[in-house]
Novice: 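Here it is, the structure in full.
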Amino acid sequence: MSDVSETLKAVQDMTDEAPVTDVTETFVQWQELLAELKEKIDARFELRRDPSTEELETFGAGGGAPAGGPGGDTAAP
């Protein structure tokens, strides 16, 4: 029988050892694809906001945490 050795590492350890990966280009590509999809949806359907969602216009955790809005914009309050 052959020896089988296993290395057990926590996910945090593996993440800490991994090099930083810049995903900016991929993120920009996905933003462009989503913008194109939104244009197609806007052209195809008449979109009307349900009044019950008005209180969800902006959202955030409060206390200086990042907040966002329906356009996907984020900003620190």
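No hydrogens, no waters, no symmetry mates; every other heavy atom, side chains included, goes into these values. One is the number of the first residue; the rest follow in order along the sequence.
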Novice: Check salt bridge (charged side-chain N to carboxylate O under 4.0 Å, His left out) between E46 and all other residues, then give those that pass, not counting sequence neighbours.
Specialist: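 Salt bridge (charged side-chain N to carboxylate O under 4.0 Å, His left out) list for E46, sorted by chain: R48.
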Novice: Hey, what else clusters with V11 if you join Ile, Leu, Val, Met, Phe, Trp, Tyr whenever side-chain heavy atoms sit under 4.5 Å?
Specialist: M14
Novice: Can you name the residues that form a side-chain hydrogen bond (donor to acceptor under 3.5 Å, both in side chains) with D13, not counting sequence neighbours?
Specialist: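 Residues passing side-chain hydrogen bond (donor to acceptor under 3.5 Å, both in side chains) with D13: none at all.
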Novice: Which residues pass the salt bridge (charged side-chain N to carboxylate O under 4.0 Å, His left out) test with D16, not counting sequence neighbours?
Specialist: none
Novice: For V23, what residues pass the side chain to side chain contact (heavy atoms under 4.5 Å, CB included) criterion, not counting sequence neighbours?
Specialist: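 Side chain to side chain contact (heavy atoms under 4.5 Å, CB included) check on V23 returns T21.
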Novice: Does R44 have any salt bridge (charged side-chain N to carboxylate O under 4.0 Å, His left out) partners at least two apart in sequence or in another chain, and if so, which?
Specialist: none
Novice: By side-chain hydrogen bond (donor to acceptor under 3.5 Å, both in side chains), which residues pair with T24, not counting sequence neighbours?
Specialist: D22
Novice: I41: what forms a side chain to side chain contact (heavy atoms under 4.5 Å, CB included) with it, not counting sequence neighbours?
Specialist: L37, F45, L47
Novice: Check salt bridge (charged side-chain N to carboxylate O under 4.0 Å, His left out) between E17 and all other residues, then give those that pass, not counting sequence neighbours.
Specialist: K9
Novice: Test of understanding: with side chain to side chain contact (heavy atoms under 4.5 Å, CB included), list the residues that count as partners of T26, not counting sequence neighbours.
Specialist: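 T26: side chain to side chain contact (heavy atoms under 4.5 Å, CB included) contacts with W30.
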Novice: With sequence neighbours left out, write down each residue that passes side-chain hydrogen bond (donor to acceptor under 3.5 Å, both in side chains) with T15, or none if nothing qualifies.
Specialist: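 Here no residue qualifies.
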Novice: Excluding sequence neighbours, so at least two apart, what forms side chain to side chain contact (heavy atoms under 4.5 Å, CB included) with F27?
Specialist: Q31
